[in-house]
Every structure is written in C-alpha cells, then in structure tokens.
2 protein chains.
Amino acid sequence: MSIKDVISLPRNEDGIAAVIGILKQQFGERFQTGEAFRAQHSHTTTYLTPQLPDGVAFVETADEVKAIVKVCAEHKVPMIGFGAGTSLEAHVNAPAGGISVDFTRMNRVLEVNAEDLDCTVEPGITREDLNTYLRDTGLFFPIDPGANATIGGMTSTRASGTNAVRYGTMKDNVLSLKVVTANGEEIRTASRARKSSAGYDLTRLFVGAEGTLGLITSVTLKLQGIPAAISGGVCTFPSLKAACDTVIMTIQMGIPVARIELLNGLQMRAINAYSNLSYPEEPTLFLEFHGTDETVKLQADQFREIAAEFGAGAFHYTANTEERNRLWKARHNAYWAGRALLPEVNGGLSTDVCVPISRLADCVAETEEDIAETGFLAPIVGHAGDGNFHVLLLFDEKKEGELARAEAFMARLNARALAMGGTCTGEHGVGQGKMSFVEAELGGALDLMRQIKTGLDPDNIFNPGKIFRLSKVGD
Amino acid sequence: MSIKDVISLPRNEDGIAAVIGILKQQFGERFQTGEAFRAQHSHTTTYLTPQLPDGVAFVETADEVKAIVKVCAEHKVPMIGFGAGTSLEAHVNAPAGGISVDFTRMNRVLEVNAEDLDCTVEPGITREDLNTYLRDTGLFFPIDPGANATIGGMTSTRASGTNAVRYGTMKDNVLSLKVVTANGEEIRTASRARKSSAGYDLTRLFVGAEGTLGLITSVTLKLQGIPAAISGGVCTFPSLKAACDTVIMTIQMGIPVARIELLNGLQMRAINAYSNLSYPEEPTLFLEFHGTDETVKLQADQFREIAAEFGAGAFHYTANTEERNRLWKARHNAYWAGRALLPEVNGGLSTDVCVPISRLADCVAETEEDIAETGFLAPIVGHAGDGNFHVLLLFDEKKEGELARAEAFMARLNARALAMGGTCTGEHGVGQGKMSFVEAELGGALDLMRQIKTGLDPDNIFNPGKIFRLSKVGD
C-alpha cells in the first residue's frame with residue numbers, strides 16, 4: 001500500500017450494465033463510454049491513482065439530472081458529479097464504478113439580482129466565466145481557489161482561497177441550493193433571504209458534502225460590489241514568526257485586508273525563477289486591499305506600521321493596477337512555479353492543513369524543519385489570515401523509498417496540525433486522500449456523518465467511498 | 001384550534017416515571033418536579049400555550065448531560081434544553097412531557113484565545129455575561145438578539161439581531177461545538193481552525209437545530225476586536241421606500257455599517273411615548289458605525305450623502321457615547337415600547353419574516369396596509385440590512401374573533417414574505433409556532449430534515465414536536 005493507492009469497492013455489474021444501456025438511449029451522443037472520456041473524468045490534479053467511471057453523461061438540464069438519479073437509484077449504481085476536474089484529493093474517482101455526471105454544459109447564469117447582491121447559476125459555470133458575465137453589473141463573486149473551478153465543484157468541496165480572509169469561504173457565500181436527492185426529486189434548501197432560522201441548515205450540509213448526499217443543480221450565491229479601489233503590496237520578513245505575528249496583529253486590529261498570503265523562502269525562490277523576478281528569498285507576505293482610494297491607503301498605512309514593529313523589510317505598496325496584477329500573477333503561479341523546481345518529476349503532491357493563526361508560525365516552521373530533514377523540495381504558501389497553508393511535496397516516485405517517505409511526511413504534517421488544534425484540510429476536502437486524517441481529527445463525529453449519509457442515501461449511490469468509509473469492513 | 005394552541009404528543013408515562021426516579025437520586029436538589037419549576041421552564045416570551053415538562057434538571061457538567069441523555073435514551077423520554085427562556089416560538093414546550101435540561105449553571109468561560117480571536121464557553125452563559133468577562137481582553141462577541149439570551153439558546157435558534165448586517169448570525173460565529181448525541185456520547189463537530197473542508201458541516205447542522213439533534217455542552221465562538229471608535233445616528237425618511245432604498249444603496253456601496261435598523265411610524269410613536277422622546281413619527285433608520293475615528297466619520301459621511309439622495313430629513317450623527325447609548329437604548333426598548341401601546345392586553349405576538357432586501361419596502365408597506373385594514377395595533381421594526389423585520393401584533397384575546405383575525409393576519413404575513421422570495425423566520429426559529437409556514441416554504445426539503453432527525457435521533461428524544469412533524473399522522 002503506497003500513498004498513491006486507493007481502495008476499490010464492490011461493483012454492481014448488472015446494475016451498471018443496465019444503466020449504461022438506458023443512458024445510451026436517453027442521452028445518445030451525450031453519453032460516452034469510451035476510455036478517453038472515462039479516463040479524463042477521473043483525472044484531476046491529484047496524486048492518487050485514477051479509478052475510471054463506466055460512462056460519462058453530459059447533462060444540460062435539471063430534469064436530465066433527475067432522470068439519471070432515478071435510473072441509477074433504481075439500479076443502485078453510483079453517480080459522481082464532475083465539473084472542471086481540478087480537485088486534489090481524488091473526489092471524482094469511481095471506486096465502485098458508475099456514472100460520471102458532467103455538469104460543464106449546465107453553465108448558465110439563471111438570475112442576477114443586483115439590488116440584493118445575489119445571483120443564481122447552474123453548477124457547471126466556472127468562477128471566471130461568472131465574473132466575466134457579472135462585470136457590467138458592478139458586482140463580482142469573490143471566492144478564488146486559484147484554479148478556474150466550477151461553482152458546483154467549489155460548493156461541494158467548500159472551497160475558499162486567497163481572499164477568504166475578507167469574504168469567507170463557500171459556506172459563507174452560498175445562500176441556497178437546488179439539489180436532486182436520492183429519490184430523484186429536486187429540493188430547494190433555502191429561500192433567497194440573507195438569513196433564516198427555518199429549520200436545519202441544509203444549504204451548509206450540502207456545501208462541502210463532496211457530492212455524497214445528492215447532485216447540485218443550481219446555486220444561489222452572494223455577490224460583492226467591485227471595490228472602487230484595489231491596491232496591493234509585498235513585504236519581506238526576517239522570520240516566519242515575524243510574518244505571522246504581523247498577520248495576527250493585522251487581523252486583530254480589524255484591518256479588512258482582502259488577501260494576506262504567506263510564502264516561505266523556497267516558494268519565493270521558485271517564484272523568482274519561474275516568473276523572472278528578484279524578490280528576497282525570505283518569508284514574505286503578499287497583500288491586497290479593497291475599498292475606496294482613501295480606505296485602501298489607510299489600510300496599507302496601518303499594515304506598514306504593524307509590519308515595521310515586527311522588523312519587516314520595506315513594504316512595497318502599489319495602487320497601480322498593472323503592477324498589482326503582475327504581483328498577484330506571480331502569487332497565483334506559485335503552484336506551477338513550485339512544480340518547476342523539480343521539472344523531472346512532473347507533478348507533486350499538493351496538500352493543505354489549517355491551524356488557529358496563533359499556531360501558524362510554529363506549524364510552518366516545524367514543517368520546514370521536517371522538510372529539511374527528509375530532504376524533500378517542498379515550497380510552502382499559505383492563506384495566512386485563516387491559518388491555512390499548502391505544502392507542495394515534490395517527490396520522485398521512481399526513487400527507492402520515496403513514496404514511503406512522502407507518506408510518513410504527510411502523516412507527520414497532519415498529526416502536527418491536529419495537535420495544534422487545527423484541521424487536516426482547510427479547503428481541499430477529504431476525498432479519498434484525507435480519510436484517515438479526518439478520522440483522527442473528528443473521531444465520533446464521523447459516526448454522525450455516516451448516519452446522515454445512510455439516512456439520505458441509503459443505497460450509497462452518491463459518490464461512494466469519499467470522506468469516510470461507511471463501515472469498518474469495507475464500503 | 002386557535003393561534004395559541006399547540007399539539008400534544010403521546011406520553012411515555014412508564015419511561016417518564018422511571019427517569020424521574022433515577023434523576024431524583026442522581027441530582028438530589030438539582031432535580032425539581034414542583035409545578036413552579038416546571039411552569040417556569042415552559043414559560044417564555046411566546047404567545048403559544050405552555051406545555052410543562054415533568055421535571056427540571058440543573059446540570060453543572062458535560063458528564064451530567066451525558067448521564068441524563070443515557071438515562072432518557074434508555075427509557076425513551078424526551079429532553080428539552082433550557083437557557084434564558086427568551087425564545088418566541090415555544091421552543092421549550094414539552095408536548096410529550098419529559099425533562100427540561102437547565103443549562104444556566106453551566107456558564108463558565110472555558111478558554112479565551114485572544115490571538116486567534118476565539119473563545120470556548122459552556123452553553124448556559126449569557127451574551128452579556130460573556131461580554132463582561134471579555135472586556136479586559138479588548139475583544140467582544142457581537143451577536144445581539146436583543147434579549148440577554150444564553151449562548152446555547154442563541155446557537156440552537158441561529159440567532160442574529162441588530163448587528164448581523166456587519167458580523168453575521170450565529171451560523172457565521174460558531175467555530176465548533178461539543179454535543180451529546182443520542183447514544184450519550186459527546187462529540188466535537190470541528191476543530192478550532194478558522195475554516196475546514198473536513199467532511200460534513202456538523203457545526204452548522206447543530207446551529208439552528210433547536211435542540212432536536214442533541215444537547216450542546218460547549219460552544220467555540222469567533223470574537224471581534226472592540227472597535228476603536230463607535231458612532232451612531234438617526235435619520236427620518238419621507239417613506240418606507242426611501243428608507244429601504246437608502247439601505248440597499250448603503251449595502252451595495254460596501255459601507256460596513258454595524259447596525260442599520262428600520263422603524264416604522266407607529267414604532268417611532270411607541271418609542272417616543274415609552275422613552276419620552278420626540279422623534280418624527282415617520283419611517284426612520286437607526287445606525288451604528290464601527291471603526292476608527294477616521295473611518296466611522298467616513299462611513300457616516302457616505303451614508304449621509306446616500307440618504308440625502310433619497311430625500312431623507314436631517315441625519316443626526318453622534319460620536320458621543322452617552323448620546324449614542326441613549327439612542328440605542330430607545331431602539332432596544334422597541335419591544336417593550338410596542339407592548340406599552342396597548343398595556344391592557346399584557347403581551348402580544350412578536351413574529352419575524354425575512355425577504356431579499358429589494359423587496360423589504362414592498363413587504364413592510366403591504367404589511368402596514370394589512371395592519372391598517374384589520375385594525376390591529378402592530379408596530380414594525382426591522383434589521384433592514386438583512387431584509388428581516390418584526391411585527392409586534394397586539395391583540396386582545398378576550399375580544400370576540402380577535403384570535404382568528406390574528407391567525408389570518410399571520411398567514412397573510414408569511415405568505416407575503418414567501419411570495420417575495422423570503423423566509424418565514426429570519427431569526428426567531430420555527431419551534432411550534434412556525435411549523436406550517438416552514439412546510440410551505442421548504443416543501444420536500446423538510447423530508448430531508450426528517451431523515452436527518454430520524455438518522456441521528458431514532459427514538460425522537462431530543463425536543464420532539466419542534467420544527468416539523470415527524471409523520472403526517474402525529475408526532
């Protein structure tokens with residue numbers, strides 16, 4: 001068993017054959033069983049071994065989703081929702097086979113309510129396409145996980161990213177969902193009102209459920225006004241601790257930074273090399289401020305003072321859009337820059353943990369030491385305002401023992417985060433990759449999740465084998 | 001059947017007798033079965049008829065909660081959590097009898113992590129006691145539902161209140177919970193990290209579950225830095241629409257108002273009479289700004305400009321603490337001021353709905369007309385930034401037909417809010433009073449709630465008969 005291996009679940013061959021026959025008839029060309037399609041729908045940016053679905057249905061309407069769920073429910077065949085394929089923990093693998101439900105053609109904007117700062121979209125729209133659509137309204141959707149993911153996928157993994165520190169995560173920005181549940185009916189989890197105390201929070205239950213409780217057919221999102229002014233900055237620190245202390249004080253003072261990102265020395269080296277820049281290769285914060293011309297300057301001045309107190313080097317501030325875009329492009333390329341540190345391995349393992357921010361400096365510093373001891377190349381970048389950071393572990397699986405060392409490192413990283421009161425994943429989700437860690441983190445609470453899953457999806461047809469095992473013995 | 005009536009559920013007499021015997025032994029003086037205690041624990045600010053529990057246990061530790069749940073689970077006897085008794089929809093009634101679990105002695109602050117802006121408390125602490133405790137830390141807990149409720153109760157009803165527009169509701173401010181579930185074990189829903197994608201959002205499932213899924217034993221809350229500067233203001237408008245349009249524009253411009261409260265003419269009349277003030281008796285906004293000396297002034301200036309555009313009268317702004325406290329004291333007394341409009345009825349029905357803010361003016365105006373036609377005295381006050389408003393319906397139940405007219409009015413109010421894309425309760429919760437409305441609002445989604453309830457609490461021992469009926473036929 002290596003860190004890349006995944007568990008297979010029993011397949012219902014007769015059911016799968018029956019469903020394939022029916023969906024071929026119902027969907028024609030929009031149902032594909034060729035290997036290229038199936039491989040593409042299990043291939044994401046994960047390090048885990050792909051498990052192909054048996055067919056891929058390209059849905060165009062909620063009624064088609066209902067039809068698929070009814071057929072699959074009748075024959076007890078799994079369904080796995082698919083968006084942009086950017087997930088990191090093998091969320092779209094098909095350990096028991098089944099049907100990949102591709103939502104990329106359900107990508108319409110159904111409604112924009114500018115006065116209410118909300119919109120309703122189909123799940124297959126990407127966040128970039130949504131923001132392009134919204135531009136003329138003066139509004140934008142703030143959540144930015146880096147990848148150009150679909151809104152449905154982002155909802156299902158409770159995505160967040162660089163500006164969660166200001167705007168929250170998907171849990172804070174989804175107002176309501178429509179979902180097709182195990183009986184093939186579509187329900188609406190909530191109204192469009194900004195808040196409600198009308199019963200259980202079903203919206204939040206489906207946000208982050210990784211497609212294990214139903215298939216999302218529409219998402220109502222909060223929007224934000226595009227800030228009148230945006231400015232950015234970069235600041236180098238003598239130590240991780242100085243950078244993290246600056247972050248803590250910035251948050252504590254209530255400065256509403258839109259982004260405050262921590263990059264360690266190695267990550268800065270990677271960025272310099274990849275983007276032909278010459279930043280000091282020391283712990284660094286990248287910042288962004290949203291507001292008016294007056295308030296962004298005010299925020300930046302307050303930040304500068306705090307940073308200086310903690311011994312920061314010069315704070316390079318810019319209100320120039322082009323310069324700011326260059327800065328943030330470098331930050332957004334951190335993942336690719338990291339991979340380019342070791343181009344011959346063609347990949348790496350991107351993982352995330354999240355700790356209370358008072359422990360961020362310790363957690364990152366200990367992880368850096370661990371990396372140094374094991375000899376890996378592994379840059380670190382973090383959403384420091386949330387205490388969330390990523391390690392891109394570059395390893396060469398062809399080298400003897402490398403997979404085992406990577407596995408041991410992952411175990412230590414997660415144990416360290418949990419011991420500091422943190423979580424094994426701040427934003428990537430559990431999928432198949434984090435199952436053992438979530439068990440260590442939540443213990444008995446996983447039994448409640450199992451009870452919910454069994455209550456809502458008794459035949460385990462929605463994305464089986466993700467987040468938790470249903471029973472100790474297998475599935 | 002009148003608007004005050006509640007449904008009784010079958011009682012498990014043998015089980016109740018057994019549990020009473022055991023708890024008397026276990027708790028001694030801290031278990032009470034006298035009628036005064038039982039009556040007090042079903043008596044809240046609700047208009048609904050009380051249903052007394054069979055005994056009241058004053059718990060002091062999580063272990064005692066676990067012991068009670070184990071005993072009640074064994075004998076299939078209901079338990080109802082009790083805090084400050086300020087709920088409005090009969091959340092603490094005991095329609096099948098059972099044990100009221102009084103948390104007021106579990107009121108310790110367990111931990112404050114100033115750097116992380118969080119704290120962990122026992123559920124029985126009130127929000128005012130918590131804020132008194134926190135004062136020296138420079139931090140505060142912002143959610144203010146008006147009443148000095150307990151944190152456990154506020155969590156269970158997903159409370160919010162005047163400054164939710166800036167700081168969110170309980171769903172946004174609870175980081176993690178400990179809960180004793182139906183098997184008598186205590187689980188922890190999440191870590192203390194600011195965000196997580198580690199499985200289903202159990203925290204949000206218990207926030208707003210009204211005690212129907214378990215008993216909360218500790219709550220980890222987000223805290224905020226006490227603003228360096230707070231200022232306030234009052235502004236009168238020529239119409240509800242002008243006031244609401246001002247609110248919409250204020251929110252859309254991203255002005256981070258801490259409070260923006262709408263009071264209609266009758267509510268202003270009530271406040272003037274009650275607090276000996278002389279505000280114009282017209283639609284009015286009460287505001288509060290949090291920030292630094294510079295930013296609160298900036299916010300107020302921006303607000304003044306917007307209000308002027310919509311034809312507002314003078315905007316009375318104050319940075320003086322005493323004056324601001326007087327202003328907000330008047331607003332906080334709105335409920336008592338409203339009741340004093342008709343002192344002979346000694347009460348009234350306080351209800352709430354919430355609509356998308358673009359519909360707030362229409363919804364309030366139509367409701368005012370409805371009130372005028374029916375001849376009720378019923379002041380309106382709203383958390384305008386969230387589209388949430390309250391009607392205090394004053395009726396004299398001794399008058400022939402008054403209860404039926406109140407019931408018909410309530411049905412129209414809720415239908416109106418739902419037709420405008422709203423919810424039947426923004427912050428009061430469902431309890432017993434809003435069951436039929438939540439059914440109209442959510443339809444099939446209620447079945448999911450039933451499945452969750454049955455999965456997590458198969459014997460229906462946690463606060464039965466609240467939010468929804470488990471089956472169409474009875475319980």
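By convention in this document, chain letters (A, B, ...) are assigned in the order of the sequence lines, proteins followed by strands, and residues within each chain are numbered from 1.
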Student: Where on A:Glu294 is there a heavy atom nearer than 4.5 Å to chain B: the side chain, the backbone, both, or neither?
Tutor: side chain
Student: Who wins among B:Val430, B:Thr157, B:Val438, B:Asp386 for the most heavy-atom pairs under 4.5 Å with chain A?
Tutor: B:Asp386
Student: Quick one: CG on A:Leu448 to OG1 on B:Thr181, what's the gap to the nearest 0.5 Å?
Tutor: 5.5 Å
Student: In terms of heavy-atom pairs under 4.5 Å with chain B, which of A:Gly214, A:Gly444, A:Gly426 leads?
Tutor: A:Gly426
Student: Between B:Asp172, B:Val207, B:Thr212, who has the most heavy-atom pairs with chain A when the cutoff is under 4.5 Å?
Tutor: B:Thr212
Student: If you count heavy-atom pairs within less than 4.5 Å of chain A, which of B:Ala417, B:Ala209, B:Gly225, B:Gly254 leads?
Tutor: B:Ala209
Student: Around A:Glu111, counting heavy atoms of other residues, nucleotides and ligands shown, do more than 12 lie under 6.0 Å from its CD?
Tutor: yes
Student: Name the option with the most non-hydrogen atom pairs under 4.5 Å to chain A; the candidates are B:Thr169, B:Leu298, B:Thr295.
Tutor: B:Leu298
Student: Can you tell me which portion of A:Gln302 sits under 4.5 Å from chain B's heavy atoms? Options are side chain, backbone, both or neither.
Tutor: side chain
Student: Check whether B:Glu210 gets within reach of chain A through its side chain, its backbone, both or neither, counting any heavy atom under 4.5 Å.
Tutor: side chain
Student: Pull out the residues in residues 244-252 of chain B that come under 4.5 Å of chain A, heavy atom to heavy atom, sorted by number.
Tutor: B:Ile248, B:Ile251, B:Gln252
Student: For the candidates A:Thr292, A:Leu456, A:Val353, A:Ile467, which exhibits the highest count of non-hydrogen atom pairs separated by less than 4.5 Å from chain B?
Tutor: A:Leu456
Student: Looking only at heavy atoms and a cut-off of under 4.5 Å, which of A:Asp352, A:Leu175, A:Leu205, A:Leu213 has the most pairs with chain B?
Tutor: A:Leu213
Student: Please state whether the side chain, the backbone, both or neither of B:Phe437 comes within less than 4.5 Å of a heavy atom of chain A.
Tutor: neither
Student: I need the minimum non-hydrogen distance between B:Asp116 and A:Ile357, along with the two atoms involved.
Tutor: OD1-N, 3.0 Å
Student: Which one of A:Ala164, A:Cys354, A:Gly387, A:Gly443 has the most heavy-atom pairs closer than 4.5 Å to chain B?
Tutor: A:Cys354
Student: Which atom pair, heavy atoms only, marks the closest approach of A:Glu441 to B:Arg188?
Tutor: O-NH2, 3.4 Å
Student: Residue by residue, scan residues 189-201 of chain A and write down, ordered by number, those that have a heavy-atom distance under 4.5 Å to chain B; if none do, write 'none'.
Tutor: A:Thr189, A:Ala190, A:Ser191, A:Arg192, A:Ala193, A:Arg194, A:Lys195, A:Ser196, A:Ser197, A:Ala198, A:Gly199, A:Tyr200, A:Asp201
Student: Specify which of A:Val179, A:Leu446, A:Ile452 makes the most heavy-atom pairs with chain B at under 4.5 Å.
Tutor: A:Ile452
Student: What residue, out of A:His290, A:Lys466, A:Lys453, has the most heavy-atom pairs lying under 4.5 Å from chain B?
Tutor: A:Lys453
Student: Distance from A:Asn183 atom CG to B:Asp447 atom CG, nearest 0.5 Å?
Tutor: 8.0 Å
Student: Please assess B:Leu202 against A:Met449 for the test side-chain contact (heavy atoms from CB on, under 4.5 Å), listing each intermediate value before the final yes or no.
Tutor: CA-CA 8 Å; B:Leu202 296 178; A:Met449 296 189 199; 4.0 Å; yes
